[in-house]
Novice: 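First the structure, then my questions, so here it is.
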Amino acid sequence: MIQATIELEKALQLRREGALLVDVRTPAEFAEATIPGAINVPIFSNEERVEVGTLYKQRGKGRARKFGIELVAPKIPALLEQVEEVRRGHRGPVIVFCWRGGMRSLAMTSFMNLAGIHARQLIGGHKAFRTLVCSYFEKQQWPPIYVLRGLTGVGKTQVLHRLAEQGFPVIDLEGLANHRGSAFGALGLEPQPGQKRFEALLWDRLQQLESSAYLVTEGESLHIGRLLVPKRFHQAMQEQTSLWLKASLNFRTRIILEDYPAIDRLREQFEQPICALKERLGNKVIKQLLDLLHAGEWEELVYELMVHYYDPLYMHTLPEKRIEIELEPFDAGVKRVARSLAELAEQEILPSP
């Protein structure tokens, strides 16, 4: 075996400079979590890894390794070709990792170097990266985080996206979590990532913005769907002056209807979240909401949900330290938000009198 290794810190530096990272763990392991930007070139399938693990327990390390070689040997040309196809446009060595920097990544690194592909095995594997992410959220100090808040449908996410287009240092937590952050937030979307993958994506975005004087995000509870925002980061979101966005109920209804495309296709998926509100709203209101749903009266349904549920629920989130910003008309409202952010950032930089 050709031994060529690399430490995590150096690997992440090369990643920023355009190096390709290759995760050789199974598709299931990769789906749970990986280093952001890595591609999956699995040496074993999910089922094969179970077979090798079972053989290791029953027959020992030597027999398991031999069986692993028998499984991998016919795949080597295809594995190398997969890497070759992807590495065009990348710079530096290919960085290969498995769970702990063990036999899987060692084997793949050796195959690649023998084939003339400059490759390095990541010492400590994904486990080392996961340790780094956990430590980051336990110890890191972030710059001021200014949070867009407001009642449901006011357009916080749309404002956030517009600010991102203009180059503001935006953290889109709902985008990273693949969830709209409400009782109906998963409708029409692909499944959420796992907790570890979500934390890695958030870490990655924060790394991209590490030189920013401040950060901008929108108000979220500690949970976004089934995912948990790292607690210290969430606490940091509560410390600065908030930007409270305001808009009429009609405006907010339009925003919500725009946010749920092909809404008739999702009709059946709305029933369970509506019924889950029974304890708070009572049978009479739930029946009214379901009747509107079944009749396809989407505008009135959204209107009633906000009047009976969302507005009473979220009015308590009105922060004491806030700047209130009228968002209508939308383009002018975004300019007012941008201006307020600039003023807050300037106050942070200037010394107190």
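Note that the numbering runs from 1 along the sequence shown for the chain. Given the structure is predicted, the values throughout are model-derived calculations rather than measurements.
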Novice: Give a yes or no on this: more than 12 heavy atoms of other residues, nucleotides or ligands lie within 6.0 Å of atom CZ of Arg226.
Specialist: yes

Novice: Mind checking the OG1-CG spacing from Thr34 to Asn40? Nearest 0.5 Å is all I need.
Specialist: 7.0 Å

Novice: When you measure from the centre of the six-membered ring of Phe97, is the NZ or CZ of Arg120 under 6.0 Å away and within 45° of the axis?
Specialist: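 No, Arg120 does not sit over the ring of Phe97.
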
Novice: Verify whether one side chain among Arg205 and Gln208 offers a donor that lies under 3.5 Å from an acceptor in the other.
Specialist: yes

Novice: Taking atom types as modelled, is there a side-chain donor on Arg49 or Thr26 under 3.5 Å from an acceptor on the other?
Specialist: no

Novice: Does CD belonging to Gln272 count more than 12 external heavy atoms closer than 6.0 Å?
Specialist: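 12 or below, so no.
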
Novice: Quick one: do Ile95 and Ile35 end up in the same hydrophobic cluster if we chain Ile, Leu, Val, Met, Phe, Trp and Tyr together by side-chain heavy atoms under 4.5 Å apart?
Specialist: yes

Novice: Quick one: pull up NE2 in His118 and OG1 in Thr109 and give me the separation to the nearest 0.5 Å.
Specialist: 10.5 Å

Novice: Working to the nearest 0.5 Å, report the span between OG of Ser105 and CZ of Arg100.
Specialist: 11.0 Å

Novice: When clusters are formed by joining ILVMFWY residues with side-chain heavy atoms under 4.5 Å apart, either directly or through shared neighbours, do Trp142 and Leu341 land in the same one?
Specialist: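 Trp142 and Leu341: separate clusters.
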
Novice: For salt bridge (Lys or Arg N to Asp or Glu O under 4.0 Å), just list the numbers for Lys75 and Glu48, CA-CA rounded to whole Å, side-chain angles, deciding distance to a tenth of an Å, and then say yes or no.
Specialist: CA-CA 13 Å; Lys75 304 179 186 179; Glu48 287 170 343; 2.6 Å; yes

Novice: Considering only NZ, NE, NH1 and NH2 on the basic side and carboxylate oxygens on the acidic side, decide whether Glu326 and Arg336 come within less than 4.0 Å.
Specialist: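 Here Glu326 does not pair with Arg336 in a salt bridge, since their nearest N and O are not under 4.0 Å apart.
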
Novice: Membership question, hydrophobic clusters at under 4.5 Å side-chain separation (ILVMFWY): are Leu215 and Val133 in the same one?
Specialist: yes

Novice: Can you confirm whether more than 12 heavy atoms, excluding those of Lys127, are under 6.0 Å from its NZ atom?
Specialist: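 Atom NZ in Lys127 is not packed in, count stays at 12 or less.
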
Novice: For the pair Leu132 and Leu12, evaluate side chain to side chain contact (heavy atoms under 4.5 Å, CB included) and give the outcome as yes or no after the intermediate values.
Specialist: CA-CA 11 Å; Leu132 178 146; Leu12 293 176; 4.0 Å; yes

Novice: Say you draw a straight line from CD of Glu7 to CG of Leu122; how long is it, rounded to the nearest 0.5 Å?
Specialist: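 Those atoms lie 8.5 Å apart.
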
Novice: Roughly how far apart are Tyr303 OH and Leu292 CG, rounded to 0.5 Å?
Specialist: 13.0 Å

Novice: Between Gln192 and Phe198, is there a side-chain heavy-atom distance shorter than 4.5 Å?
Specialist: no

Novice: For Arg252 and Lys246, what are the C-alpha separation, side-chain angles and deciding distance, and is it a side chain to side chain contact (heavy atoms under 4.5 Å, CB included)?
Specialist: CA-CA 9 Å; Arg252 292 160 50 212; Lys246 301 191 299 183; over 6 Å; no

Novice: With a sphere of 6.0 Å drawn around CD of Glu17, does it hold more than 12 non-hydrogen atoms of other residues, nucleotides or ligands?
Specialist: yes

Novice: Apply side-chain hydrogen bond (donor to acceptor under 3.5 Å, both in side chains) to Arg16 and Gln13, showing your working.
Specialist: CA-CA 5 Å; Arg16 290 191 293 270; Gln13 177 189 331; 5.4 Å; no

Novice: Scan residues 162-176 for pairs that pass salt bridge (Lys or Arg N to Asp or Glu O under 4.0 Å), counting only residues two or more places apart or in two chains.
Specialist: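 Every salt bridge (Lys or Arg N to Asp or Glu O under 4.0 Å) pair that includes a residue of residues 162-176, provided the two are not neighbours, is Arg162-Asp331.
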
Novice: So how far is it from Phe251 CZ to Ile255 CD1, rounded to the nearest 0.5 Å?
Specialist: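 Rounded to the nearest 0.5 Å, the CZ-CD1 separation comes to 4.0 Å.
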
Novice: Determine whether Ile274 and Glu271 satisfy the following criterion, side chain to side chain contact (heavy atoms under 4.5 Å, CB included), listing intermediate values before the conclusion.
Specialist: CA-CA 5 Å; Ile274 289 175; Glu271 286 196 20; 5.9 Å; no

Novice: Output, in order, the C-alpha distance, side-chain angles, deciding distance and verdict of side-chain hydrogen bond (donor to acceptor under 3.5 Å, both in side chains) for Gln195 and Glu199.
Specialist: CA-CA 6 Å; Gln195 180 68 32; Glu199 291 174 9; 2.7 Å; yes

Novice: Under the side chain to side chain contact (heavy atoms under 4.5 Å, CB included) rule, what do Arg104 and Val52 come out as? Steps first, then yes or no, please.
Specialist: CA-CA 12 Å; Arg104 287 182 289 177; Val52 172; over 6 Å; no

Novice: With a cut-off of 6.0 Å (strictly less than), are more than 12 heavy atoms of other residues, nucleotides or ligands near NZ of Lys321?
Specialist: yes

Novice: Could you list all the side-chain hydrogen bond (donor to acceptor under 3.5 Å, both in side chains) pairs where at least one residue sits in residues 211-222, not counting sequence neighbours?
Specialist: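 Sorted pair list: Thr157-Glu218.
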
Novice: With side chain to side chain donor-acceptor pair (under 3.5 Å) as the test, pick out the partner of Arg87 among Glu84, Glu85, His90.
Specialist: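 For Arg87, the side chain to side chain donor-acceptor pair (under 3.5 Å) test succeeds with only one of Glu84, Glu85, His90, which is Glu84.
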
Novice: Under a single-linkage definition using a 4.5 Å side-chain heavy-atom cutoff for Ile, Leu, Val, Met, Phe, Trp and Tyr, are Leu227 and Leu222 assigned to the same hydrophobic cluster?
Specialist: no

Novice: Keeping Asn46 on the side-chain end and Ala28 on the backbone end, is there a donor-acceptor pair under 3.5 Å?
Specialist: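 Looks like yes, one N/O pair under 3.5 Å.
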
Novice: Going hydrophobic residue to hydrophobic residue with side-chain gaps under 4.5 angstrom, can you get from Phe44 over to Phe30?
Specialist: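 No.
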
Novice: Please determine whether the number of non-hydrogen atoms from other residues, nucleotides or ligands lying under 6.0 Å from atom CD of Glu299 exceeds 12.
Specialist: no

